[in-house]
There are 2 protein chains.
Amino acid sequence: MLPDREADTVTKPAERISRRQVDKFEERRKQLADAALQTLSELGYARTSLREIAQNSDFSHGVLHYYFRDKVELITYCVRQYKAHCVLRYDGIVADAEDPDALALDFADGLAATLQEEALLHRLWYDLRSQSLFEESFRADVADIDESLERMIWRIVSRYAELSGNAPTCSSAMAYATFDGLFQQALLRHLAGSAIALDDLRAGARHLLSHVVCA
Amino acid sequence: MLPDREADTVTKPAERISRRQVDKFEERRKQLADAALQTLSELGYARTSLREIAQNSDFSHGVLHYYFRDKVELITYCVRQYKAHCVLRYDGIVADAEDPDALALDFADGLAATLQEEALLHRLWYDLRSQSLFEESFRADVADIDESLERMIWRIVSRYAELSGNAPTCSSAMAYATFDGLFQQALLRHLAGSAIALDDLRAGARHLLSHVVCA
DNA sequence: GAAGATCTTTGACGACTGTCAAGATTTTCT
DNA sequence: AGAAAATCTTGACAGTCGTCAAAGATCTTC
């Protein structure tokens, strides 16, 4: 029988057990979601099957339905986990530089670094974002990630403006749209084998940053 | 038996016939590709099957293998047909305005118009572009479309710079990346039901255009 | 160490996929 | 009109998919 997954606030002995079970349950979900994310980032959404995911894990395909109701719930869970990863990653970039040029440099390097190191994950992100336009189940979570990315970009932009004593010339949405376009195009070229894609991204990001504040 | 599809340069009677057959053959391919594009734009790449495509046409599913070797060739053909459509569409926008503000206005309106009228096709485009990162078969054709879109944008930008007596401040690649990001974000919001997405796109395009030339 | 809860594997199901071949139908040419 | 070529339909194939139930394995608890 499935264990009771209710979270308890009181801590009686029986509930400590339940808590431990819940933790273990949740751990397995994360572990399986990791395998799913790896599979997705390799094959793309269209070609990822549950059996393929299971083969990238230590378990057989049947176990996926023990930890997830169906495929949609698994992938939704993956998207959320990916988001947590993203936020963590970008919080690192959040520029504690004290002059605008250093900030721009750090930011540009940070973008280029994640593009290079996690190219497959970013490829997956754009795949899933496209997918969310067809499959409504993912839409809310994807929009959520998009918003947190927008906030991340806006933190950089407004901090940069502040350091250079100016005000941003465009909205948060527009700043995100343009930086995202830059990043996506760089990813496309990088994955197509272009050697200059990373440098172009660095240069482009600094250029764009200097143009979204008053001249 | 399959007819001979060789194109002839000389025009003997027998070859005129063959030519007519070739034309008919090519016409059917276009017709089927149309049905395929409609299906793709409705369901997305991941959920489009040959039988589904056939149901959106006047034929049965078997006929697809009479006109196309396999699914990949059909979809590649679709991508090319979509490109032809795009180029045609954007050539219309190509701004014969004589002052920069009118050009900017026409361009912004053109972007917003195609976003609204052909939202599903644009959705498909971003889906296929993501797909091309996983499926190498499409990569070349997708890159081809991307390049022609970049040229289209660059024609606008450089013409705008010329009319306003300035020079562009960024590369062609960067101009395309940012405008594409803007467009994609507008599409996301528009399809998610945002009423202001179109107006934001118009404003954003004009804003961006005025910032990619010397101040 | 036995009983029971929990976790995992296995194998099956119906539905769906791309592909193809055989035959029916239509068009074309003489 | 009749033969030949071209076109289209039908039905089947082997494979894969998500899902699920039953049984086996492992762990917990007393």
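Quick note on labels: first sequence line is chain A, next is B, and so on, each numbered from 1. Computed from a predicted model, the values in this text were never measured in an experiment.
- In this structure, Arg29(B) satisfies the cation-pi test against Tyr77(B), with its NZ or CZ atom closer than 6.0 Å to the six-membered ring centre and inside 45 degrees of the ring normal.
- If you check dG18(D), dC20(C), dT7(D) against the side chain of Leu50(A), the one that comes closest is dG18(D).
- Side chains of Asp34(B) and Gln38(B) form no contact here, defined as non-hydrogen atoms less than 4.5 Å apart.
- One can place OH of Tyr67(B) at 20 Å from C1' of dG18(C), the figure rounded to the nearest angstrom.
- Within the 3.5 Å criterion, the main-chain N or O of Ala54(B) finds a donor-acceptor partner in the side chain of Ser57(B).
- Residue contacts for Ser49(A): at a heavy-atom cut-off of 4.0 Å it reaches the sugar-phosphate backbone alone, with no base atom in range.
- Closest approach to the Lys71(A) side chain among dT10(C), dG11(D), dG18(D) is made by dG18(D) (side chain taken as heavy atoms from C-beta onward).
- Taking only side-chain atoms of Val63(B), from C-beta outward, the nucleotide of dC20(D), dT9(D), dT19(C) with the closest atom is dT9(D).
- Going from atom CD1 of Ile75(B) over to atom P of dT17(C) covers 13 Å, rounded to whole Å.
- Distance, Phe59(A) CZ to dT9(C) C1': 12 Å, rounded to whole Å.
- Closest heavy-atom contact between Glu135(A) and Tyr45(A): OE1-OH, 3.0 Å.
- Listed candidates were dG18(D), dG18(C), dT8(C). Nearest to the side chain of His65(B) is dG18(C).
- Arg28(B) comes within contact range of the sugar-phosphate backbone alone, with a heavy-atom separation under 4.0 Å but no base atom that close.
- Comparing dT8(C), dG18(C), dT19(D) by their closest approach to the side chain of Arg51(B) singles out dG18(C).
- In this structure, Lys24(B) does not reach the dT7(D) phosphate: none of its side-chain N or O atoms is under 4.0 Å from OP1 or OP2.
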